[in-house]
Amino acid sequence: MPTRCLPSALSALRLCLIAGLTFIVVVPLAQAGPAELEQGVELIQTNDYKAVEQGVALVAASGDPRARDLLAALQDSKLYLRKEDGQLFIGARGEAGYDLVDPLTETAAGTAAKRDLKPIRINNRLRSQLRTAVATLNLTHPDASVRLTAVNEMLDRVDADSLALLRDLAGEEKNAQVREGMTAAIALADLQAEEPARRIEALDQLEGNLHPAVQGGIQRLLSQEQDAEVRATGERLLEAIQFKRDLYGFAETLFFGLSLGSVLVLAAIGLAITFGVMGVINMAHGELIMLGAYTTYIVQQLMPGHIGLALFLAIPAAFVVSGAVGILIERGVIRFLYGRPLETLLATFGISLILQQLVRTLISPQNVPVANPDWMSGSWQINSVLSLTMNRMYIIAFCLIVFTALYLVMRKTQLGLQVRAVSQNRAMARAMGVRSARVDALTFGLGSGIAGVAGVALSQLTNVGPNLGQSYIIDSFMVVVFGGVGNLWGTLVAGMSLGVVNKILEPWAGAVLAKILVLVFIILFIQKRPRGLFPQKGRAAEG
Amino acid sequence: MKTLDNLRTTMRRDQVWEFMVPKTGLELDISHGTILYLEDISVTFDGFRAIDHLNLYIDAGELRCIIGPNGAGKTTMMDIITGKTRPDTGTAWFGQTIDLLRLSEPEIASVGIGRKFQKPTVFEHQTVMENLELAMAADKRVWPTLVARLTPEQHARIDAVLETIGLQEHRARRAGALSHGQKQWLEIGMLLMQDPHLLLVDEPVAGMTHQEMDRTAELLKSLAGRHTVVVVEHDMDFVRSIANKVTVLHQGSVLAEGSMDEVQNDPRVIEVYLGGGDGH
Amino acid sequence: MTKTRFMASAAALTAALSLGMSSLASAADTIKVGILHSLSGTMAISETTLKDTMLMLIDEQNKKGGLLGKQLEPVVVDPASNWPLFAEKARELLEKDKVAAVFGCWTSVSRKSVLPVFEELNGLLFYPVQYEGEESSKNVFYTGAAPNQQAIPAVDYLMNDLGVKRWVLAGTDYVYPRTTNKILEAYLKAKGVADADIMINYTPFGHSDWQSIVSDIKKFGSAGKKTAVVSTINGDANVPFYKELGNQGISSEDIPVVAFSVGEEELSGIDTKPLVGHLAAWNYFMSVDTPENESFIDTWHTFIKNDDRVTNDPMEAHYIGFNLWVKAVEKAGSTDTDKVAAAIIGLETPNLTGGKAVMLKNHHITKPVLIGEIQDDGQFAVVSETDAEVPGDAWSDFLPGSKDITADWTPPISCGNYNSVTKTCSGQNY
Amino acid sequence: MRLGTLHLDRGGQIFLALLTLTTILVPILNLAVPADSPMHVSTFTVTLLGKYLTYALLAIAVDLVWGYLGILSLGHGAFFALGGYAMGMYLMRQIGDRGVYGNPELPDFMVFLNWQELPWFWHGFDMFWFAALMVMLVPGVLAFVFGWLTFRSRVTGVYLSIITQALTYALMLAFFRNEMGFGGNNGLTDFKDLLGFDLQSDVTRIGLFIASALAVAGGYLACRTIVTSKLGRVTVAIRDAESRTRFIGYRVERFKLWVFTFSAVLAGIAGALYVPQVGIINPGEFSPINSIEIVVWVAIGGRATLYGAVLGALLVNYGKTYLTGVMPDAWLFALGGLFVLVTLFLPYGIAGLLRRKETTA
């Protein structure tokens with residue numbers, strides 16, 4: 001399919017001419033200069049991918065101190081054209097619209113509203129170019145961590161110019177990690193060297209380095225290598241890398257399993273209270289999770305700009321919202337149904353339909369966006385192979401915190417004692433002076449509130465929409481029943497083990513088959529232990 | 001650790017799925033005069049030893065009362081005989097040939113052991129008549145049940161039992177609507193309909209008036225001889241009125257055995273049981 | 001309560017049941033238009049907007065004086081994301097409400113479910129969503145993209161402009177991704193891509209745990225060749241997928257993802273940070289700068305009373321489909337199915353991207369193909385565009401089963417599945 | 001015996017009388033009365049009624065195990081869908097070379113996905129008797145195996161309910177897989193004829209409607225026979241006091257097993273009648289929510305009455321049809337509200353209301 005090179009043909013010809021001319025004139029000049037920067041800026045102002053690309057090359061080559069800020073701003077999409085005069089500014093969102101800075105004079109240039117500005121759009125090719133350019137500029141940054149990121153960024157995209165720069169810098173580098181990175185980058189570039197001896201030397205230097213770029217580099221080398229000795233060294237290295245990767249791969253699978261497990265536990269733990277302890281077959285549980293997720297959305301809408309804080313505030317808010325709805329459900333419907341557990345299924349199924357449609361009507365039938373705070377995204381790089389994603393770690397930690405808190409509430413507080421008393425023998429508890437109606441309402445509220453808190457966590461992982469609850473309800477019931485109804489520990493162990501089993505099965509069975517196998521496993525397991533993993537002694541919740 | 005214990009039970013090699021265990025011969029043989037042998041039986045619940053090396057023999061045709069303080073293991077013993085609870089150690093034989101520990105509850109019932117529970121359990125949504133019909137000794141497999149119709153003989157048998165338990169008037173009433181005492185009788189009636197060799201009767205007179213109690217005593221006495229009857233009871237007057245042989249259980253094993261008088265005069269019994277409070 | 005009264009109330013109940021179901025005489029002074037989109041259940045997320053779009057288009061048409069001197073009257077029903085219910089509702093619209101045309105369906109299975117109903121009752125269905133092709137019915141007009149109007153141009157772009165050498169074809173396990181991937185696999189192999197450089201992966205609907213798969217993609221992509229993901233992942237599963245990509249540090253420069261099911265509407269429900277730079281192939285983007293589009297967006301904002309609502313490709317498809325139907329009815333001077341179906345072929349109407357949509361003989365339309373990069377404001381920046389509109393191809397040339405089959409609804413062929421080798425027409429239901 | 005079956009079953013008598021009346025009147029009003037007459041019953045209504053009747057049969061099957069045996073099955077949709085698939089496979093094979101690709105051997109979706117030959121489990125489905133056998137055998141055998149394992153292990157109560165749910169969920173995921181050879185998400189569709197009758201003709205629809213009515217009547221009478229026999233009294237005994245039933249000598253597992261299997265077969269038959277009337281079968285029918293809905297019909301109509309189950313199935317489904325057309329944006333409120341109100345104020349369902357009125361009269 002033939003493709004057109006430019007989106008708008010409006011000024012293409014003129015631009016191409018300018019770009020071509022400047023390119024011819026400027027490129028041969030090796031030394032830096034503000035003139036190049038200015039010319040580059042002029043090209044960037046055209047807001048045309050090809051021209052901007054040349055402009056970036058000019059700016060990057062200028063060596064001008066202003067270049068780094070300019071390119072970084074472009075990389076972050078913070079470069080704007082003012083519509084009225086077509087001037088280029090670096091814009092940062094301020095209180096009254098955007099605060100503008102002139103990239104050439106580096107002075108503030110007042111503010112402008114968003115509609116008066118037009119962003120300089122960039123595409124992937126430009127992003128890639130910018131990344132190398134900014135990284136190269138950052139190699140001389142005073143901050144060691146910035147240098148380290150920069151060198152890792154450009155590990156597998158070293159060209160002749162930056163190679164020379166790297167060789168110069170590597171000798172003077174004080175920071176060991178940065179130096180190591182630079183050596184690796186140089187060695188990687190050296191893999192393309194003419195003499196086999198130098199290639200072997202480079203390979204030796206790369207030994208033990210697990211960075212994917214290294215593996216890729218060696219694979220590339222092997223695919224065209226003629227020299228037997230180099231081949232042997234390369235293959236040995238690759239094998240060692242592969243072994244370590246498999247090892248870390250297993251650790252990764254385990255981590256994936258635990259994080260999937262904690263999602264399951266979070267989703268199920270509220271149900272472990274409402275269903276497990278109280279015996280209510282709560283089909284509206286999923287919708288209580290959904291309400292928690294929507295609460296996160298609303299709190300974030302109420303305090304724009306404070307994503308992280310909003311998330312923290314959303315936890316108690318979701319607990320209160322879902323808890324209150326839970327108490328409302330209990331007082332309004334479920335309290336008339338004690339002793340008829342199966343009918344709670346019918347009523348709560350109705351409630352779940354109503355809650356879903358309520359959200360569709362009041363908020364929107366579409367999904368709503370919930371932002372992730374920056375500290376939740378990204379990952380913790382243990383080495384170049386194993387990195388644990390931050391949001392998953394927070395989820396695991398959060399799951400454990402919620403579990404511990406709930407466990408303490410049930411074990412150590414007056415409420416917990418009363419809940420257990422009522423669930424074991426309602427009449428007796430009442431005779432002992434426990435206000436069972438109040439306890440029922442509070443217990444259901446607690447379980448629902450926990451479901452809401454789970455919703456906050458899930459809002460960080462998946463869609464927030466009216467169907468959110470539906471996708472978790474079945475799994476939640478499986479976890480609670482597998483663990484043993486009425487047993488919090490059971491829910492934890494069940495959720496975690498189902499998560500890990502699922503993830504271990506997934507690589508060789510595929511996602512769907514793994515899930516089917518897990519379900520079959522649950523069915524068979526219940527044959528062997530008809531009361532779940534941790535059977536409740538005595539009067540368990542029975543249907 | 002509970003987890004570990006659970007895991008261990010799951011992994012135990014002798015714990016296979018129940019339906020895979022082979023069955024033994026089911027013909028009752030009481031040629032030695034003894035119908036029930038319980039030997040060296042022990043059961044532990046969560047560290048509590050409910051039955052402790054229990055040995056008990058019941059002769060065919062006798063009416064035996066078993067007494068003992070709360071927690072002596074009376075009900076647990078019944079559970080073991082009827083297959084509800086499996087002992088940790090020991091053997092339980094019905095006659096010479098039937099190993100009770102290898103049979104399921106319905107199998108035990110069909111070889112001829114009937115049980116009345118402490119708390120009367122009748123089928124509350126069905127009529128008195130239907131309750132008796134259900135309990136009646138008959139082919140209790142699925143297909144025969146579907147096509148089963150009451151024969152005149154069976155009608156007569158139900159009528160006879162209704163008369164024995166004095167519920168002729170109530171045959172069409174829902175069992176759930178009966179009084180407590182009536183439910184107890186109905187349950188005994190259901191036992192009779194099963195026509196078992198051995199009847200296990202758990203606290204038959206709890207909550208009954210004196211009149212009702214007397215009638216129950218009559219009823220049980222009339223059963224002995226044709227059936228073997230084992231009664232667990234608290235009420236000493238009642239026990240005295242029916243039993244010729246009494247067994248005293250204490251902490252899961254037999255403390256004393258003999259006639260009511262012998263037992264009542266046994267110093268150990270007085271110590272742990274009668275001495276502890278009022279005999280009545 | 002006596003027996004007679006009981007019988008009477010039972011009879012009344014039956015009467016009420018049958019009364020409710022028997023067709024009520026429709027008012028003759030309006031033309032009814034059926035709208036068959038799920039307003040509840042899993043698909044409500046996508047389909048509710050299309051219902052609103054249709055209401056807006058009908059409203060606009062009525063402001064212009066209606067059609068053939070009559071007002072248009074929308075009939076909205078909710079098939080509730082339940083496929084058999086789609087068939088039932090379609091029958092209700094055609095048989096009970098006697099609508100002149102139906103605009104609706106999103107998923108392939110819903111279309112497959114209603115297809116026999118439309119063929120039996122000779123109704124008209126305008127289907128606005130990109131789909132797997134391999135179908136051409138006398139009674140259905142496909143205003144969304146066929147695979148050759150979306151997938152193949154996107155792969156061309158990746159191959160030629162980004163130099164992609166290794167391919168991950170990731171999709172949800174249903175017929176659209178399966179077929180599209182089959183077509184793409186055949187296409188890639190024809191272009192000399194080795195088996196080892198293609199990875200195919202299917203996941204269930206609503207898959208939310210992407211950790212393992214993204215990790216596999218990462219490994220696959222670290223083999224030293226430029227890698228890209230061609231995603232036919234459906235709706236809900238996309239958000240966790242992109243989030244996981246971001247979290248595992250895969251940026252759009254390393255491994256770009258080109259998606260066929262992610263549009264402005266989907267993006268409006270996502271925190272777009274992790275998606276910036278990834279690609280999508282559609283026939284329309286909200287960001288396209290044409291007067292038609294500007295006025296369409298303005299009308300939409302006024303109608304829905306919310307300036308933040310976005311427009312997307314299936315909405316444009318309905319816009320085109322509706323305008324073509326209106327023109328066809330005007331040309332035929334009647335809403336009779338056969339007359340309209342005959343009149344509509346060859347008609348053209350402006351699309352929203354500055355070109356023209358023509359209804360072809362195979363009941364598909366011509367569409368431009370646009371490749372866009374996701375920006376952080378949830379809009380797309382067009383990075384590539386076909387020179388001219390691409391005609392929709394009902395039967396793919398890259399599938400062995402269908403390469404000889406063509407669709408042509410004009411005489412003398414008049415067949416949706418015409419085998420050009422054996423010269424036979426098979427599988428017609430009317 | 002029939003007399004005994006319906007003896008004292010006022011609800012059942014009324015239901016069967018109405019059913020007979022409808023079965024006679026509807027075909028006449030559809031075929032003999034001209035379309036413009038107000039008395040005319042449209043084919044749309046006929047198909048709709050036919051569909052409701054298959055739901056009613058399904059509800060009877062669920063009521064048998066839930067109302068009389070105490071097993072809350074949240075997986076009966078699976079048996080319904082399996083019966084449907086067996087019928088769907090027959091209908092697919094009937095298409096022959098009239099598919100869009102004109103392939104005489106393979107169904108369209110297989111040609112489409114490059115299958116080379118017919119998978120082994122599709123063989124035999126071109127014969128109606130074989131398909132009809134499978135309609136009963138496949139759900140029956142699955143229920144038998146599942147029940148054999150489960151009832152012997154004495155899985156009861158919610159545990160049982162949840163693993164029935166796991167069963168249908170696992171089947172749903174399995175049938176979604178295109179590798180399974182059942183058409184994946186799209187399922188089986190584009191049916192043409194059944195036993196040589198064109199599925200789109202009015203006469204065939206009437207025939208299917210009558211077949212459904214007969215199946216419901218037959219299913220009702222069969223279940224009624226069971227529940228009024230001694231077997232029925234045993235099942236109620238099991239429902240109310242399972243271990244007591246065991247102590248008087250009944251092998252509870254076997255009773256549960258056979259009744260459960262019978263109920264699954266009924267559900268399979270319902271599914272087989274459902275598919276030709278709606279024209280599609282796909283894995284969505286296995287969805288756990290569907291199975292929960294069936295239980296809801298039974299609860300609304302009145303548990304352990306059989307005719308109540310029929311009433312519930314008809315009422316809820318009619319409500320759904322009606323409300324999705326009349327108030328497409330708010331029908332879920334109405335339906336959800338109905339569920340809540342019925343639970344709160346009609347603990348024995350609508351049948352309970354009728355019965356109460358009857359006894360107080």
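Letters go in sequence order (proteins before strands), and every chain restarts at 1.
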For this session: Report the distance from atom CH2 of D:Trp258 to atom OG1 of B:Thr145, rounding to the nearest 0.5 Å.
Result: 13.0 Å
For this session: First locate atom OG of B:Ser104, then atom CZ of D:Arg152, and finally report the distance between them rounded to the nearest 0.5 Å.
Result: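 Between atom OG of B:Ser104 and atom CZ of D:Arg152 there are 9.5 Å.
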For this session: Using non-hydrogen atoms and a 4.5 Å limit, figure out which bit of B:Met193 sits close to chain D: side chain, backbone, both or neither.
Result: neither
Problem set entry | Residue part contacting chain D, namely of B:Ile108, when any heavy atom lies under 4.5 Å |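 No part of B:Ile108 comes within 4.5 Å of chain D.
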For this session: May I ask you to decide whether B:Glu130 forms a salt bridge with D:Lys230, counting only side-chain N to carboxylate O separations under 4.0 Å?
Result: no
Problem set entry | Listed partners of D:Tyr250 passing ring-ring contact (aromatic ring centres under 6.0 Å, His included), at least two apart |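 Listed in chain order: D:Phe255.
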Problem set entry | Enclosure of B:Glu163 CD (heavy-atom neighbours >12, cutoff 6.0 Å) | no
For this session: Using atom types as modelled and distance alone, determine if a side-chain donor or acceptor of B:Gln126 lies under 3.5 Å from a backbone N or O of D:Arg233.
Result: yes
Exercise. If you tally heavy-atom pairs under 4.5 Å against chain D, which of B:Arg141, B:Arg115, B:Lys84, B:Glu187 wins?
Worked result: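 Looking at each option in turn, the highest pair count goes to B:Glu187.
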Exercise. Considering heavy atoms only, which positions within residues 235-248 of chain D lie below 4.5 Å of chain B?
Worked result: D:Val236, D:Ala237, D:Arg239, D:Asp240, D:Ala241, D:Arg244, D:Thr245, D:Arg246, D:Phe247, D:Ile248
